[in-house]
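Step one of this worksheet: look at the structure below.
So that the names make sense, note that chain A is the first sequence line, chain B the second, and so on, each numbered from 1.
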Amino acid sequence: MKRDAWQDLALGAVLLAVAACLPWFGGSYWLSIGVTIAMYTVLATSWALFSGPTHYISLATTAFFGIGTYTTGLGIDHLPYWVLLPIAGVLGAVLAGLVGLATLRLSGVYFVIFTLGLAELVRQIITWVQNFSGQKGLYVLTDITEADIYWQLLGLAGIVFLGGWAIGRSRLGFALRIIGDDETVARHSGINTARAKVILFMVPGAVAAIAGAILAPRYVYIEPLLAFTPMLSFQVVIMALLGGTGRLWGPLVGVIPFTFLWEAISASFPNQTTLLLGLCFLLIVYLLPKGFVGLIESVRRWAKSREGYA
Amino acid sequence: MDRRRLFKLAATTALATTLAAGAALAQEAVKIGAVGPKTGGLAGGAAVSFWPNVQLWAHDVNARGGLNIGGEMRPVEIIEYDDQTNPGETIKAVQRLATQDEADFILAPYSTGLNLAAAPIFDRFGYPMVTHTAISDQIVELSQRFPNMYFTLGGATGLAGGVVEVLTKMRDAGQIGNKVAMVNVADAFGIELAEVARPAFAEAGFEIVYDTSYPLGTQDLSPIVKGAAAAEPDAFVAWSYPPDTFGLTEQAMIEGLDVKAFYTAVATSFPAYAGRFGAAANGVLGAGGVAATSASFQEYAARHEQVTGAKPDFWASGMVYSSFQILEQAIEAVGSLDKEAVSAYIAENDFETVMGTISWDENNNNAAYWTVGQWMDGVFNGVASTGREGAIEPVAKTGWE
Amino acid sequence: MRAPNAVLSLRGVTRRFGGLVAVNDMSFDVTEHEVMGLIGPNGSGKSTTLNLISGALAPNAGTISLRGTPLSQLPAQDIARKGVARTFQLVRLLPSMTVLDNVKAGAVFGHRRRWGSEADDHAMAMLEKVGLGRHAFAVPSQLTYIDTKRVELARVLASDPKILLLDEWLAGLNPTELGQGIDLIRALREEGRTIILVEHVMDAIRSLCDACVVMASGTKIAEGTPEAVLSDPEVIRAYLGDDDA
Amino acid sequence: MDILITGLLLGGTYALIAVGLNLQYGMVRIMNLANGELIVIGGFAAFWFQTAASVSPLLTVFLVAPVAFALNWLIYTVMLRPLVKRAKSRGQLEVDAILTTFGLSFVAVGVMLAVFGGDYFSYSYLARPVELLGATFGLNRIMAFLGAVVICGALYLWLNHSRPGLSIRAIAVAPQSARLVGIDVQKLSALAFALGGAVTAVGGGLISMFLTLDASTGVMFTLKALIIVIMGGVGDMRGTIVAALALGVLESFVASVLDPGLTLAAAYLLFLLVLLFRPQGLFGRGQA
């Protein structure tokens, strides 16, 4: 069992190293796909760390992401870039912590809507402050290249996976699995369910904020409409659910096929992109009710049983 | 070895893409990429000003037999992508055009934010980027960083300055007093314009009697118009976006905000504006404008309606088409698809377009642009500009009938 | 007031749901190594009392204390950590986890907290104790009804509680299983554990309990040894009245 | 007073946006993320009939309602019922419903783009001032408000006094028990869902009299509607109406007295506060 864990870790490191070579071999188009995949991997995996075990669907991703983008946008002229990332992370974690504390009493679906409202509230407040202070559109003009952004996102992905792996092996992770199965049992077994959830909710908060901070230079120009798009929250949820939230690598196997599907459709049918995406989406929901993880695991089981008979 | 295979795969995909786009014309077609919103927040604006012109331009060029490249007539083939009003998608689509589709040229995307997101990619691959819908006051810095980027639509200072100029003219003519009610939509565009306009109005001796912002997506604008009306202004200025441009106008009619100068910003120049308000639109001032009476514009507008089935707007549409014309003329003049040469040619020359002559200052900026237009009998005429010809005199608005 | 070696004491505990008084002014003590039966007809407030002790509900009035420390306003998880562990009337297992992990939940987060191999070993030992060692890596859906009850019992035991609350743990078992169940609880009793049993099975109460509290309509109507209370006329009336209805 | 009427008129708009969703989400537990698209479709129908054939939007809604009803009935029976059957728990159904209706909203946007293009559509109808207690208001907003009153009133009466209405409420409260007392849950769920869709589309037709819409604006309405439904209490018609009106009055108050820039921020703040202090919504029942 122990050895398995180290094998997972080594495999992860190798995959990450391979992925890190993309900028040298892939060309700029593949790099931009790489950035998309890395970004959604980071967001969806950290999202699933919290939402997988707790079954709370958070639609606040864009709030944290936008805060991160704005951290870079506002700070880039005053502070070194590398300082901005941790600042964004702390801001995201603090906001997530506050939200967590405030929403403890809410049951599942209210949490969904709360986070949705939160994202809008943050956007409105930032917009208002911007207007109040006469802040114009923010330009983030840096020498950071797409490859830099890609590597940073990969690094962040590495941290997220390592964090997820560590949490999975910690008491916190165990507590969360119990909470996910039955919160009443968890409480009566002595688990401070509220604290566990708040701590864990801070993870996607921080990660999404850092991701936003990393991506700000790529967008060059930042405005609330672009930084706080509600679509981002939905896309993250959907990719994670498509992959499956029961495994750490689940969101990854949702993000990759989804990105390519998205790409293929938007490249081939620019005028019907939305329609076809919607249709594909429906097909996936009906044909793959357990996400890609479910598919992969049933293929595995099937292969195993074939081996058994052979 | 693996790397080569990967490229081959990529190339095959690109080919498949091109074929699937259903636009595989003659073999020697010049590939032109077009990226813009078909969905998302800015889709409404792009559907009026951007996409029809892409269609029209391709139609016009091919109807003439194509681009004259060193004596050889080659048709253009447009490869379109929807960026869903998402800068990440814009970036990806431009990169796809550059590397997968190997587009010969790429038309600049729609809107300030999306142009700026795409600028580094245009720059990296050396594509000339003649923007048509980017409004920025940072043109100096941007053109230094992205030497192939050209600006045609102007900046916030010019747009706001135009309004101040028009109002000053009307005041001096005794048409209005000096009280201005100003509102703005609280996003980067509205904020920037309001910021620039505030001191400019003060300097011109205007008194701002009402000054507020409202969030994008506000569904009921009546409190704002009521507030403005209560301040009894002589002029009403709104730095607004499409849905609220319509909403503010309708509320002003309902509230009886009978100012002699009524200005709303983006989308005032849309045909849908006159379509909705009819005669009531007479005298309304708005952002942009064209030399509506010029032969070149009228001929363009007629062609636009004939080919696309829709009327162009009286500001960005013409500029979008003009930016394509600039690219077209530069390619033909250079006589090859050499991006660098075309870029250099654009920088060094003036161009005759449907909007008139376009020439560049040292920052690749078209310094002479329309700033304010006014509706009159179904036509939105330019009444102020930073040096364009064909402006007519602004008139005082006479009620909402 | 408190009995000298009382582990758990209830004093004047009251719980209302809207206008209905589910538990009215309950007071009793459970002493160390004692198995206390909490009995009464359906709807008499037994389970509510248990829920008040375990922290699933908070009392409107009165105090509950564990060796003098008040529990009454604490959340369930703190009460569990202080050493009060319970089973549920309808068995609650963690469906996605193995039997061993189910038990480990108690070992990791309960009164005495363990982690790593210590927790695994302890959980395994508890499974052996309830006779389920060989099913350690099964998932709950593969178990028989009594085995699910055993898993829950093992989970509770794994937290080393000072006091065990068993909520109709014997309900729904067939005669063979019932025998096994009673033997299992008897073994716990002989280990010297302190237990509160909410139970309907009178045989079990007679053979297992040192003392009984009888409730009817939310109020305590009798207290004493099983023999004494079960022959109390008021208790008989409460039961028969209920049964006749 | 002026503020109050303005707020109530806006609240009427919000009620139109949200009551349909309340039927769908509150009663049938389908959190319909395609709600906003249905509003836009209703609005487009009104636009088209008005501009092409000069048919009043107030009449168009009578055509829109049955079409939307049929369409939503189909959506429920064909697409959502299998999910209801497949779901092992309410939570799973909620997740599946979110995913499905999200896909559906994409399809709807795609179809609208293909059929009408991405342009703004707006027309002027009854944009006449009406004098009311010394202040002026748009006649179209007043008509929409009256429409909201009629729709909400009818729904309220239907839910509280008709047999199917009562049965639907029983389903919302306790689907299992409803089945036990002989209520055909499947059929009535489809009915409630379809009715919700019809109301939503009619609402879209009415608000198009004064709002400018395009194919992509639906999501804005979905957000607002969700917020109102949750704030009022899932499954409670009174709650939705009160929440819609409260939100309208709050927004117009903030816009008139504080700063119009803060209207939406104030709305979301109110919503978050309601959730925190009354998580079941203003009129919601406590959690069982």
Side-chain angles (χ1 to χ4, degrees), chain B residues 36-48 50-52 82 84-85 183-186 190-191 212-227 229-230 242-247 249-251 253-257 267 270-273 275-278 280 309-310 400, chain D residues 2-3 5-7 9-11 13-14 17 51 106 109-110 112-113 116-130 135-141 207 209-217 219-221 223-224 248 251-257 259-265 267:
Chain B
K38 285 175 194 271
T39 51
L42 297 177
V48 175
F50 182 67
W51 291 112
D82 174 14
Q84 297 148 350
T85 322
V183 304
N184 69 285
V185 59
I191 294 168
T212 194
S213 72
Y214 56 87
L216 195 61
T218 302
Q219 264 138 3
D220 188 359
L221 294 156
S222 64
I224 292 148
V225 175
K226 279 194 170 115
D244 18 292
T245 294
F246 291 97
T249 307
E250 182 170 308
Q251 277 307 323
M253 293 169 67
I254 289 168
E255 297 297 335
L257 179 62
F270 284 9
Y273 190 90
R276 173 156 171 184
F277 297 111
W400 290 105
Chain D
D2 190 4
I3 296 172
I5 298 177
T6 308
L9 290 182
L10 180 61
T13 305
Y14 287 158
I17 294 171
T51 47
F106 263 62
V109 171
M112 281 192 280
L113 278 177
F116 341 129
D119 199 352
Y120 293 103
F121 50 92
S122 77
Y123 58 94
S124 201
Y125 185 74
L126 297 180
R128 281 199 292 275
V130 170
T136 46
F137 302 94
L139 181 58
N140 44 22
R141 278 185 190 265
I207 66 171
M209 292 191 294
F210 48 88
L211 290 183
T212 300
L213 307 172
D214 70 75
S216 306
T217 40
V219 62
M220 300 297 296
F221 295 113
L223 290 186
K224 207 81 190 217
E251 283 191 15
S252 95
F253 176 81
V254 171
S256 308
V257 178
D259 179 349
L262 282 174
T263 45
L264 294 186

According to side chain to side chain contact (heavy atoms under 4.5 Å, CB included), who are the partners of B:Ala43, at least two apart in sequence or on a separate chain? D:Ser216
Are side-chain heavy atoms of B:Tyr214 and B:Val183 found at a separation under 4.5 Å? yes
Interface check, chain D: of B:Gly247, B:Gly227, B:Ala272, B:Pro242, most non-hydrogen pairs under 4.5 Å belong to B:Pro242
Could you check D:Phe221 against D:Leu213 for side-chain contact (heavy atoms from CB on, under 4.5 Å), going step by step and ending with a plain yes or no? CA-CA 11 Å; D:Phe221 295 113; D:Leu213 307 172; 3.5 Å; yes
Using non-hydrogen atoms only, which part of B:Ser222 is less than 4.5 Å away from chain D: side chain, backbone, both, or neither? side chain
In terms of heavy-atom proximity below 4.5 Å to chain D, should B:Glu255 be classed as side chain, backbone, both, or neither? both
With rounding to the nearest 0.5 angstrom, report the CG to CD1 distance, D:Asn140 to D:Ile207. 12.0 Å
Would you please name every residue forming a side chain to side chain contact (heavy atoms under 4.5 Å, CB included) with B:Met253, sequence neighbours left out? B:Phe277, B:Ala280, B:Trp400
In terms of heavy-atom proximity below 4.5 Å to chain B, should D:Phe210 be classed as side chain, backbone, both, or neither? both
Criterion side-chain contact (heavy atoms from CB on, under 4.5 Å) on D:Arg141 and B:Asp220, from CA distance to verdict: CA-CA 10 Å; D:Arg141 278 185 190 265; B:Asp220 188 359; 3.5 Å; yes
Verify the distance criterion only: is there a donor paired with an acceptor across the side chains of B:Asp82 and B:Thr39 at less than 3.5 Å? yes
Check each atom of B:Phe270 against the heavy atoms of chain D and say whether the ones under 4.5 Å are side chain, backbone, both or neither. side chain
Interface check, chain D: of B:Ala47, B:Ala186, B:Pro215, B:Pro37, most non-hydrogen pairs under 4.5 Å belong to B:Pro215
Region of D:Phe106 in contact with chain B, defined by heavy-atom distances below 4.5 Å: neither
Check whether D:Phe137 gets within reach of chain B through its side chain, its backbone, both or neither, counting any heavy atom under 4.5 Å. both
Do you know which of D:Val130, D:Asp214, D:Leu10, D:Thr13 has the most heavy-atom pairs with chain B at a distance under 4.5 angstrom? D:Leu10
